[in-house]
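Read through the structure below, which is laid out as structure tokens, and then see the notes.
Computed from a prediction, not measured in an experiment: that's the story for all the values here. Read the numbers this way: they start at 1 and go in the same order the structure lists the ligands and their atoms.
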Amino acid sequence: MGRNVNSRDQLAEHLKFLTELGIDGLSRDRGWRTSGRESGRESRTVPQASELPASDPASLAVAPAIPSPSSLANDVDLPSIRADLGDCTRCKLHTLGRRQIVFGVGNPHADLMFVGEAPGRDEDAQGIPFVGRAGQLLTKMIEAIGLTRDEVYIANVIKCRPPENRNPEPDEVAACEPFLFRQVEMIHPKVIVALGAFAAQTLLKTQDSISRLRGRIYTYSSAQVIPTFHPAYLLRSPDRKRDAWEDLKKAKSLLDG
Ligand code: URA
């Protein structure tokens, strides 16, 4: 009984999120996830490549490839990268109250990778990225494109919690980003969704704002990169969820294509 109530609550919550994203069609049919339009009425479901605004050149423009670091070839697997990180003291964050390193979680062979900024309080406590409020929204975003957290890989640019959740500083990024780059090389995803300015700027080596960056497809190494708004920002600015949904649809269509 308790479990039924719980799963009913979860379903209600999931439906609410889909509604917030502007998805108004639902079906028990598995094919629903890939169906396009219903009887002339636009039905917002999980995307098809054809739903991409092909007439909008900005949305399909592919920015020049960013060369990936060349010294990454010797890693054997993700645990060997984690072992190299060790009980890291490469930057000052290890003296500023971090409880543990938050390396990354998910499928080491994922086609889709999400990259965030840095762990917050909940992530620092649990050692797992994106488990707090923003993480719960990210989980719903992943599920909205028909995937689960176990099927994707989730990591951050910075592996230790900055004090008071302040922005990571340049020396901290410089010390930590090689580990993200090595994770990307090892996982070899087809698509990376960069969550927020920090992740996008680190992968794309730019200072452009996320509003400027989103809406285009970039490349990092052999992956296509979709910058989108950070879930924490979406919690504060729910009117941008629709933009995030467009970005997720684009990521999904790249995966399927
Ligand atoms: N925000 C992030 O960028 N990463 C997390 O893991 C949690 C919140």
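- Residue contacts with ligand 1, taken as heavy atom pairs separated by less than 4.0 Å, involve E123 solely via side-chain atoms from C-beta onward.
- Across the listed options G104, P129, A118, A118 owns the non-hydrogen atom lying nearest to atom 5 (C) of ligand 1.
- Around NE2 of H94, the count of heavy atoms belonging to other residues, nucleotides or ligands within 6.0 Å exceeds 12.
- Between the side chains of E185 and S221, at least one donor N or O sits under 3.5 Å from an acceptor N or O.
- Counting the atoms of ligand 1 from 1 in the order shown, those under 4.0 Å from a heavy atom of H230 are 1 (N), 2 (C), 3 (O).
- For E123 and R161, the salt-bridge test fails: no basic side-chain N is under 4.0 Å from an acidic carboxylate O.
- Within the model, atoms CZ of R240 and CD of E246 stand 12.0 Å from one another, a figure rounded to the nearest 0.5 Å.
- Checked against a 3.5 angstrom limit, the closest N/O atoms of G120 and ligand 1 fall outside it.
- Below 4.0 Å from some heavy atom of E117 lie the following atoms of ligand 1, by number and element: 2 (C), 3 (O).
- Remark: ligand 1 atoms within the under-4.0 Å shell around heavy atoms of G116 are 3 (O).
- Under the 3.5 Å distance criterion, the side-chain polar atoms of Y218 are left unmatched by any main-chain donor or acceptor of L203.
- Scanning the protein for heavy atoms near atom 4 (N) of ligand 1, the closest one is N156 OD1, 2.8 Å.
- At a threshold of 4.5 Å between non-hydrogen side-chain atoms, the residues Q136 and F130 do not count as touching.
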